[in-house]
2 protein chains.
Amino acid sequence: MIKMNKERSLSKNQQIILDLIDKSSEPLKAYTILFNVQKKGIKAPPQVYRALDKLVEIGKIHKIESKNAFVACKNSNCEISKATAFSICESCEEVDEVSDTKLSKFLSKFNDKKGMTFKRFNLEFFGLCKRCKIK
Amino acid sequence: MIKMNKERSLSKNQQIILDLIDKSSEPLKAYTILFNVQKKGIKAPPQVYRALDKLVEIGKIHKIESKNAFVACKNSNCEISKATAFSICESCEEVDEVSDTKLSKFLSKFNDKKGMTFKRFNLEFFGLCKRCKIK
DNA sequence: AACAGTATGTAATAATATAACGTTTTAAAG
DNA sequence: CTTTAAAACGTTATATTATTACATACTGTT
C-alpha cells in the first residue's frame with residue numbers, strides 16, 4: 001500500500017467503498033454498497049459496516065441519519081467531521097452538504113443552557129430544491 | 001371570538017403509546033415500546049409504527065434520528081414540529097430538547113445558496129453533559 | 001344509511017446493523 | 001529481520017429496526 005504525504009492510507013476495503021460512495025450522485029445505503037462491491041470480494045455486511053464506520057470516523061464520508069445513507073465529504077480537507085449540515089429535498093431526495101461559514105460558526109459557538117459541552121453536531125434541513133419547486 | 005386550538009383527539013393506540021413516551025425519562029425505541037404495551041393489546045410492530053408516525057406528524061413526539069428513538073415534545077403547543085434541536089450526551093446518553101429562540105430563529109431564517117426552500121430542520125448536538133464532564 | 005377517511009389486527013418479510021470468532025496484514029520498535 | 005500490537009479481514013449467525021399486504025372496524029360527515 002502506498003503511503004501518501006500526511007494522508008491516512010486507506011485499507012483495501014475502505015478504498016473500494018469510498019470510491020463507490022465518491023462517484024455516486026446520491027447517498028448510498030449499506031446494502032446497496034454491499035451489492036455493488038460483491039464482485040470486488042466484499043461479501044458480508046460486517047465488512048461494509050466496518051469500512052463505513054472508519055470512513056465516518058476519519059471524516060471521509062458522512063452518514064445522513066434520516067436516510068441511513070452515506071455521502072462523501074465534499075470538504076476535501078475535512079479530517080474529522082464535527083460540524084455537518086445537509087439539505088435534503090423531500091421530492092427528488094437530492095442531498096447536498098451545506099457549507100456556510102456563518103452557519104457553522106454560529107452552531108460551533110452555540111452554548112447549551114444546561115451546561116453541556118458540545119463536540120459535534122449534525123443538522124439536516126428538509127424542503128424542496130429549486131427544480132422541484134417549479135414542478 | 002375565541003379561536004380554538006383545534007385539539008386533535010388521539011386514537012386508543014396513539015394515546016397508549018404517547019402516554020408511555022411521555023412518562024419516560026429517556027428516548028424509547030419502537031421495540032421497547034412494543035414490549036411495554038403488549039399487555040394493553042398492542043401486539044405487533046405495525047401498530048406501534050403507525051402510532052409513532054402519526055404522533056410525529058402531529059408533533060406530539062420527535063424522532064431522535066441518530067438513535068432511532070422517540071421522545072415526547074416538551075413544547076406543549078407545538079403542533080407540527082418543523083424546527084427541532086436536541087442535545088445528546090455521548091456518555092450517559094441523556095437527550096434533551098434544546099429550546100433556544102436565537103437558535104431556532106437563526107436556523108428558520110437560514111437560506112440555502114442553491115435555492116432550496118426549507119420547511120423543516122432537525123439538529124442534533126453531541127457532547128458531554130454537566131454531570132459526565134466531572135467524572 | 002351511505003360514504004370517505006382513519007385506525008385496527010395480523011402474518012409475513014424486508015431492510016438495517018451487530019456479535020463473536022479466528023485469521024491475516026500492517027506499521028513500528030527492538 | 002524479527003517481534004509485536006493494532007488494525008483490518010473473512011465468515012457465520014443473529015439481533016434490531018421497519019414495512020408490505022390484506023382484511024376488518026371505527027368515526028364523523030352528508
Side-chain angles (χ1 to χ4, degrees), chain A residues 1-21 24 26-71 79-80 93 95, chain B residues 4 6-21 24 26-71 79-80 93 95:
Chain A
M1 209 153 296
I2 300 158
K3 195 175 172 188
M4 296 293 236
N5 286 344
K6 273 184 165 186
E7 282 285 308
R8 174 193 176 67
S9 82
L10 300 176
S11 75
K12 183 173 130 281
N13 289 359
Q14 288 161 13
Q15 191 63 61
I16 289 168
I17 287 174
L18 177 57
D19 286 347
L20 183 69
I21 296 173
S24 168
E26 54 183 20
L28 294 179
K29 297 183 157 243
Y31 276 72
T32 305
I33 292 169
L34 177 56
F35 297 141
N36 279 286
V37 295
Q38 280 181 329
K39 51 197 157 206
K40 303 219 168 170
I42 297 174
K43 293 184 212 149
Q47 298 174 285
V48 173
Y49 282 102
R50 284 191 293 230
L52 289 173
D53 285 349
K54 201 68 191 181
L55 291 167
V56 166
E57 189 190 320
I58 64 179
K60 292 290 186 187
I61 63 173
H62 304 302
K63 182 171 188 180
I64 309 298
E65 294 287 356
S66 62
K67 298 172 87 71
N68 299 316
F70 299 85
V71 293
E79 286 235 343
I80 293 160
E93 305 279 295
V95 173
Chain B
M4 289 300 262
K6 191 186 161 197
E7 275 292 308
R8 173 190 181 72
S9 78
L10 299 177
S11 75
K12 182 174 129 284
N13 289 359
Q14 288 159 14
Q15 192 65 61
I16 290 169
I17 287 174
L18 176 58
D19 286 347
L20 183 69
I21 296 173
S24 169
E26 54 182 19
L28 294 179
K29 298 188 156 237
Y31 276 72
T32 303
I33 293 169
L34 176 56
F35 297 141
N36 278 285
V37 296
Q38 279 180 330
K39 50 198 156 205
K40 303 218 168 172
I42 297 175
K43 293 185 212 148
Q47 296 173 287
V48 173
Y49 282 103
R50 283 190 295 229
L52 289 173
D53 286 349
K54 202 68 190 182
L55 292 168
V56 166
E57 189 189 321
I58 64 179
K60 293 289 187 187
I61 64 173
H62 304 301
K63 182 172 189 180
I64 310 297
E65 294 287 356
S66 61
K67 298 171 86 70
N68 299 316
F70 300 84
V71 294
E79 285 233 345
I80 293 159
E93 306 279 295
V95 173

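In what follows, every chain begins at residue 1, and chains take the letters A, B, ... in the order their sequences are listed.
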Item checked: Reading 5' to 3' through nucleotides 25-30 of chain D, protein heavy-atom contacts under 4.0 Å coded B for base, S for sugar-phosphate only, - for none -> ------

Item checked: Stepwise side chain to side chain contact (heavy atoms under 4.5 Å, CB included) test for Leu52(A) and Ile21(A) -> CA-CA 10 Å; Leu52(A) 289 173; Ile21(A) 296 173; 3.8 Å; yes

Notebook entry, point to check: Just to confirm, is there a sub-4.0 Å distance from OP1 or OP2 of dT17(D) to any side-chain nitrogen or oxygen of Lys29(B)?
Noted result: yes

Note to self: Using OP1 and OP2 only, check whether a side-chain N or O of Lys67(B) sits under 4.0 Å from dA17(C).
What the structure shows: no

Check: Could you state the CZ-P distance from Phe70(B) to dT16(D), rounded to the nearest angstrom?
Finding: 17 Å

Check: Quantified as the angle between the terminal helix axes (five pairs each), what is the overall bend of the helix from dA1(C)-dT30(D) to dG30(C)-dC1(D) to 10 degrees?
Finding: 40°

Notebook entry, point to check: Hey, does Lys63(A) reach any base, or is it just sugar-phosphate, or nothing, if we go heavy atoms under 4.0 Å?
Noted result: sugar-phosphate

Margin query: Between P on dT19(D) and CG on Leu34(B), what's the gap in Å once rounded to a whole number?
Written below: 15 Å

Item checked: Side chain Glu57(A), main chain Lys54(A), donor-acceptor under 3.5 Å -> no

Notebook entry, point to check: If only side-chain N and O atoms of Lys54(B) are considered, is one of them under 4.0 Å from the OP1 or OP2 phosphate oxygen of dA7(C)?
Noted result: yes

Note to self: What I want to check is whether an N or O donor and acceptor connect the side chain of Tyr31(A) with the base of dA14(C) at under 3.5 Å.
What the structure shows: no

Next item on the list: Considering just the side-chain nitrogens and oxygens of Ser11(A), establish if one lies under 4.0 Å of OP1 or OP2 belonging to dC9(D).
Entry: yes

Notebook entry, point to check: Any side-chain N or O of Asn13(B) less than 4.0 Å from the OP1 or OP2 oxygen of dT8(C)?
Noted result: yes

Next item on the list: Return the set of residues passing side chain to side chain donor-acceptor pair (under 3.5 Å) with Ser66(B) (not counting sequence neighbours), or none when no residue passes.
Entry: Glu124(B)

Next item on the list: Using atom CD1 of Ile42(B) as one end and atom P of dA18(D) as the other, report the distance to the nearest whole Å.
Entry: 17 Å

Notebook entry, point to check: Tell me: CD of Gln14(A) to P of dT26(C), nearest whole Å?
Noted result: 12 Å

Check: Separation of Glu57(B) atom CD from dT6(C) atom P, in whole Å?
Finding: 9 Å

Checklist line | Atom pair distance, as rounded to whole Å: CD1 in Ile58(B) and C1' in dT6(C) | finding: 13 Å

Notebook entry, point to check: side chain to side chain donor-acceptor pair (under 3.5 Å) with Gln15(A): which residues, sequence neighbours excluded?
Noted result: Asp19(A)

Item checked: Residues that Lys67(B) engages under side-chain contact (heavy atoms from CB on, under 4.5 Å), provided they are two or more places apart -> Ile64(B), Ala69(B), Ile88(B), Glu93(B), Val95(B)

Item checked: Residues from residues 44-52 of chain B lying under 4.0 Å of DNA chain C - heavy atoms -> Ala44(B), Pro46(B), Gln47(B), Arg50(B)

Next item on the list: Would you mind reading off the distance between Ile17(B) atom CD1 and dG9(C) atom P, rounded to a whole angstrom?
Entry: 10 Å

Next item on the list: Nearest 0.5 Å please: distance from the CG atom of Leu10(B) over to the CG atom of Leu55(B).
Entry: 6.0 Å

Notebook entry, point to check: Nearest nucleotide by nearest heavy atom, which residue falls closer to the 5' end of DNA chain D, Asn68(B) or Lys43(A)?
Noted result: Lys43(A)

Item checked: Test side-chain contact (heavy atoms from CB on, under 4.5 Å) applied to Gln38(B) - qualifying residues, sequence neighbours left out -> Leu34(B), Phe35(B)

Checklist line | Value rounded to 0.5 Å, distance of CD1 in Ile33(B) from CG in Leu18(B) | finding: 10.0 Å

